[in-house]
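Please read the structure below before turning to the comments.
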Amino acid sequence: MLQITLPDGSKREYEGSITVAGIAESIGPGLAKAALAGRVNGALVDTSFEVNEDSEVALITERDTDGVEVLRHSCAHLMAQAVQRLFPKAQVTVGPVTEDGFFYDFAYESTFTPEDLQAIEKAMGAIVKENLVVERSVMNRSDAIAMFNEMGEDYKVKIIESIPGDEDLSFYKQGDFIDLCRGPHVPSTGKIKAFKLTSVAGAYWKGDSDNDVLQRVYGTAWGSKADLKLYLQRLEEAEKRDHRKLGKHLDLFHFQEEAPGMPFWHPKGWAIYKAVQEYMQKVQDANGYKEINTPQLVDYTLWEKSGHASKFADEMFSVESDNRMYAIKPMNCPCHIQVFNQGLKSYRDLPLRLAEFGSCHRYEPSGSMHGLMRVRSFVQDDGHIFCTDEQIQSEVADFMDLLFSVYKDFGFDEVILRLSTRPEKRVGADELWDASEQALKDALNATGKHWELVPGEGAFYGPKIECSLKDCMGRIQQCGTIQLDFSTTERLGASYVAEDGSRKVPVMLHRAILGSFERFLGILIEHYAGAMPAWLAPEQAVILNITDKQGDYCRKTQESLKNKGFRVSTDLRNEKIGFKIREHTLQKIPYLLVVGDKEVESGCVAVRKRGGEDLGAMTIDDFCTLLSQDVAQFSRTEESSE
RNA sequence: GCUCUCAUAGCUCAGGCGGUAGAGCACUCCCUUGGUAAGGGAGAGGUCCCCGGUUCAAUUCCGGGUGUGAGCACCA
């Protein structure tokens, strides 16, 4: 007798062994049809898996996250089969699941065109209709290598050769297609109902740029057609929110060939930029930071001393003048140490928190640039905290608190924290790394929030915490960081007089909350779809006249609102009110103030909110109060305002 | 940097298998002074990304560059 425990705790008994599919069958025909895979004692298996001891079994369907992943993985196989039917010379390599779908890399003599993609998709549909059974089998290494050699699948042979040990390998076969795979897979191709191929691009074999370029075909697959449709709608929504598109439409910034990767900020974009910067200045001032400013062009020898030249020479812009080599600064820290080094510092001066909105340039690889998100010229909300070893933990903790509060003000409630530890190429003794990694761990634990460990991803001079936020599309955006640096201060000769009169080297914490303003603005634009909250909106209100008669009143109203510090413009063009409302609504202005004879007589403005809501007529003072309140609450949502 | 794609009016985009191009919106002027998402008319606007080659002739074909986009690689 075999006892199976289902997830709801109920138990079932079977004679001898039984497959997962068999268990599903015994529960009901609906489940038997829906079962894509099973989970036996925690391990994901095929429905053909035979259970021969007492076990906990769960049936996986398209409604489980795991089920969708199995579906996507099987869809990758489905695509590979379709490709080999259409292009017999194409060699298969690897085809994993991604966040929203899957891809498969092919080695092929030419590239796939969009028409090819359509043909592949069609062939996939045909294979789904054939409803081929997906069979698992096991083979030993040498047989497997012989088989793939015979098939001319060189990459598969390489993959098998790279798998250590002598263990048997599992294979999945559907019709004329067989692939090396850990599985599990759906029981038959007919289970895959909702998929779409999305794009094709080159990708390196094994992700190494020294290797061959393969053809990577991306696709997405879902448990149901409805889910697929939702996903495609999400893609469309993301496209609408693209900050490059909105930047043009809302006249915020532009790029041009003469300055690749370096934005030209227009008045409206710069107004947002300034609003963000002024906010950060206030916040940092209130939290013990001293703002400074340092040169953009610094003699190359400083970068040699700091250690940056040896590691990042290719990514630095340099200038020769007067027989001297200068680098355009790629970061502010060496300059901040120069400020620290002026005058003798005592332990009483620590922690010293220096902040700078310094313009930096980095020669980013051409292919990596992406609108405002990855640029060659940028400004960070950069800061360096010089402190003693004992102060590290509280400084990091204070920083984390500040970061959470800033993110909330911008409307981001969810923060993802990751600790990156020592990389292979690094400076500094292992004991220093031990201590500093521990200090960051302690600070992270003190936040009470969940965090992840990312081994080997730290900077060459120290470990770091990376802070990402989730935007309204659920995308994760890395912004803030705090990095421990126990080397650069020493290299650049920083020291302070300790309590006992000895000279000690301060620790430096590199930190930024927003990251670069450019990137952060890109994130904000997409998060708000260009409809900036009042405190950030480049134009907070536009005053619209009905006829020429109200022109003077409108100008006076604008003047008095500007005097109160609001960003207000007028639209006195000889156009109908409906036309003006439409235009400024499309420009996503938070408040439209309509002025006709009635408003002039009563000293009012008729207020219309961006969403179309009519707040009716109110006095200028009342509108000032309304706008002030709106501005004062930043972007905090109900639950995040304290 | 690598693979592929693309580059035409201020914007969004058509077009031409070689004979210097078109729409909508925006812009300018005129009419209209109209109360909450497009009033009407007229006009102006282009080195078809840059440099070479082929050709009687290149915006179109070919080569090279630059930039954009999707990925990959990179990201102090």
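In this text, all values refer to a predicted model and were calculated from it rather than measured experimentally. Just the heavy atoms: all of them, side chains too, but no hydrogens, waters or symmetry mates, feed the values below. Residue numbering restarts at 1 for every chain, and letters A, B, ... go by the order of the sequence lines.
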Across the strands shown, which category fits A/Lys464 at heavy-atom distances under 4.0 angstrom: base, sugar-phosphate, nothing?
sugar-phosphate
May I ask you to decide whether A/Lys240 forms a salt bridge with A/Glu236, counting only side-chain N to carboxylate O separations under 4.0 Å?
no
Using a heavy-atom cut-off of under 4.0 Å over every strand shown, decide if A/Gly367 touches base, sugar-phosphate, or nothing.
base
Roughly, in whole Å, what's the span from CZ in A/Arg216 to C1' in B/C2?
13 Å
Salt-bridge test for A/Glu395 and A/Arg511: reply yes if a basic N is under 4.0 Å from a carboxylate O, no otherwise.
no
Quick one: label A/Arg374 by what it contacts on the DNA or RNA (base, sugar-phosphate, nothing), any heavy atom closer than 4.0 Å.
base
Which part of the nucleic acid, if any, lies within reach of A/Phe112 when heavy atoms closer than 4.0 Å are counted: base, sugar-phosphate only, or nothing?
nothing
Name the pairing partner of B/G19, where a pair is Watson-Crick or G-U wobble with both distances under 3.5 Å, or state none.
B/C56
With rounding to whole Å, what would you report as the distance between B/C13 and B/A57 at their P atoms?
35 Å
Distance, C1' atom - from B/U54 to B/G41, rounded to whole angstrom:
49 Å
Is there a side-chain contact between A/Tyr204 and the phosphate of B/G71, meaning an N or O under 4.0 Å from OP1 or OP2?
no
Regarding A/Val213, tell me which of base, sugar-phosphate or nothing describes its non-hydrogen contacts under 4.0 Å with the strands shown.
sugar-phosphate
On the nucleotide B/A26, are OP1 or OP2 found under 4.0 Å from the side-chain N or O atoms that A/Arg582 carries?
no
Roughly how many Å apart are B/G64 and B/G22, using the P atom of each and rounding to a whole number?
33 Å
Pairing of A/Lys464 and A/Glu466 as salt bridge, 4.0 angstrom limit
yes
Could you give the distance separating B/C61 and B/G71 at their P atoms, to the nearest angstrom?
28 Å
Interatomic distance, A/Asp251 CG vs B/C27 P [rounded to whole Å]:
13 Å
Flag the pair A/Glu364 and A/Arg374 as a salt bridge only when some basic side-chain nitrogen lies within less than 4.0 angstrom of an acidic carboxylate oxygen.
yes
Ion pair A/Lys158/A/Glu153, N-O distance below 4.0 Å
no
Using a cut-off of 4.0 Å on non-hydrogen atoms, how would the nucleic acid contact of A/Pro260 be classed: base, sugar-phosphate, or nothing?
sugar-phosphate
Mind calculating the distance between NZ (A/Lys580) and C1' (B/U33) to the nearest angstrom?
10 Å
Quick one: A/His370 NE2 to B/C75 C1', roughly how many Å, whole number?
15 Å
Short question: side chain of A/Glu121, backbone of A/Leu197 - any donor-acceptor pair under 3.5 Å?
yes
Think A/Ser366 has a side-chain N or O under 4.0 angstrom from the OP1 or OP2 of B/G1?
yes
Applying a 4.0 Å non-hydrogen cut-off, can you work out what A/Tyr108 is touching in the nucleic acid: base, sugar-phosphate, or nothing?
nothing
Contact class for A/Thr547 (heavy atom, under 4.0 Å): base, sugar-phosphate, or nothing?
base
At 4.0 Å (heavy atoms only), tell me whether A/Gly596 reaches a base, stays on the sugar-phosphate, or touches nothing.
base
When all nucleic acid strands are considered with a 4.0 Å heavy-atom cut-off, which category describes A/Glu599: base, sugar-phosphate, or nothing?
base
Is there ring stacking between A/Phe312 and B/A76, where the centres must be under 5.5 angstrom apart and the planes under 30 degrees?
yes
Any A/Arg244 side-chain nitrogen or oxygen under 4.0 Å from OP1 or OP2 of B/G69
yes
Taking any heavy-atom pair under 4.0 Å as a contact, classify A/Thr111: base, sugar-phosphate, or nothing.
sugar-phosphate
So which one's nearest nucleotide on RNA chain B is more toward 5', A/Asp242 or A/Lys549?
A/Lys549
Looking only at side-chain atoms of A/Lys576, point me to the closest of B/A73, B/U36, B/G34.
B/G34
If you measure from the P atom in B/A9 to the same atom in B/U3, how many Å do you get, rounded?
29 Å
Starting from P on B/G39, measure out to CD1 on A/Ile546 and report it in whole angstrom.
14 Å
Residue mapping more 5' on RNA chain B - nearest nucleotide basis, A/Pro330 or A/Asp614
A/Asp614
Can you tell me how far C1' of B/C4 sits from CG of A/Leu214, to the nearest Å?
14 Å
When rounded to the nearest Å, what value does the distance between P atoms of B/G69 and B/C11 take?
15 Å
Note: A/Lys206-A/Asp210 ion pair, threshold 4.0 Å (strictly below)
no
With a non-hydrogen cut-off below 4.0 angstrom, is A/Phe103 in contact with a base, only sugar-phosphate, or nothing?
nothing
Mind checking A/Arg573 for me? I need base, sugar-phosphate or nothing, with any heavy atom below 4.0 Å counting as a touch.
sugar-phosphate
Tell me which nucleotide among B/G35, B/C74, B/A37 gets nearest to the side chain of A/Ile581.
B/A37
Does the structure show a Watson-Crick or G-U wobble partner for B/C6, both distances under 3.5 Å? Name it, or say none.
B/G67
Strictly by Watson-Crick or wobble contacts shorter than 3.5 Å, is anything paired with B/G35, and which nucleotide is it?
none
Taking the minimum atom-to-atom distance to the side chain of A/Phe579, which one of B/A73, B/U36, B/G39 wins?
B/G39
Looking only at the side chain of A/Ala459 (C-beta and beyond, no hydrogens), which of the listed nucleotides B/G35, B/A37, B/A76 gets closest?
B/A76
Under 4.0 Å from OP1 or OP2 of B/U12: is there any side-chain N or O of A/Lys248 that close?
yes
Measure the distance from CD on A/Gln483 to P on B/A76 and round it to the nearest whole Å.
7 Å
Looking at B/C72, I'd like to know if its phosphate oxygens (OP1 or OP2) sit under 4.0 Å from a side-chain N or O belonging to A/Tyr218.
yes
Distance check, P atoms only: B/G10 and B/U66, in whole angstrom units.
25 Å
What is the pairing partner of B/U28, taking Watson-Crick or G-U wobble pairs with both distances under 3.5 Å in any strand?
B/A42
A/Lys580 backbone acceptor or donor facing A/His584 side chain under 3.5 Å:
yes
So with a 6.0 Å cut-off around CD of A/Gln233, is the heavy-atom count from everything else above 12?
yes
Which whole number of Å gives the distance between the P atom of B/G63 and that of B/U20?
25 Å
Tell me the interatomic distance from A/Glu518, atom CD, to B/C75, atom C1', rounded to whole angstroms.
16 Å
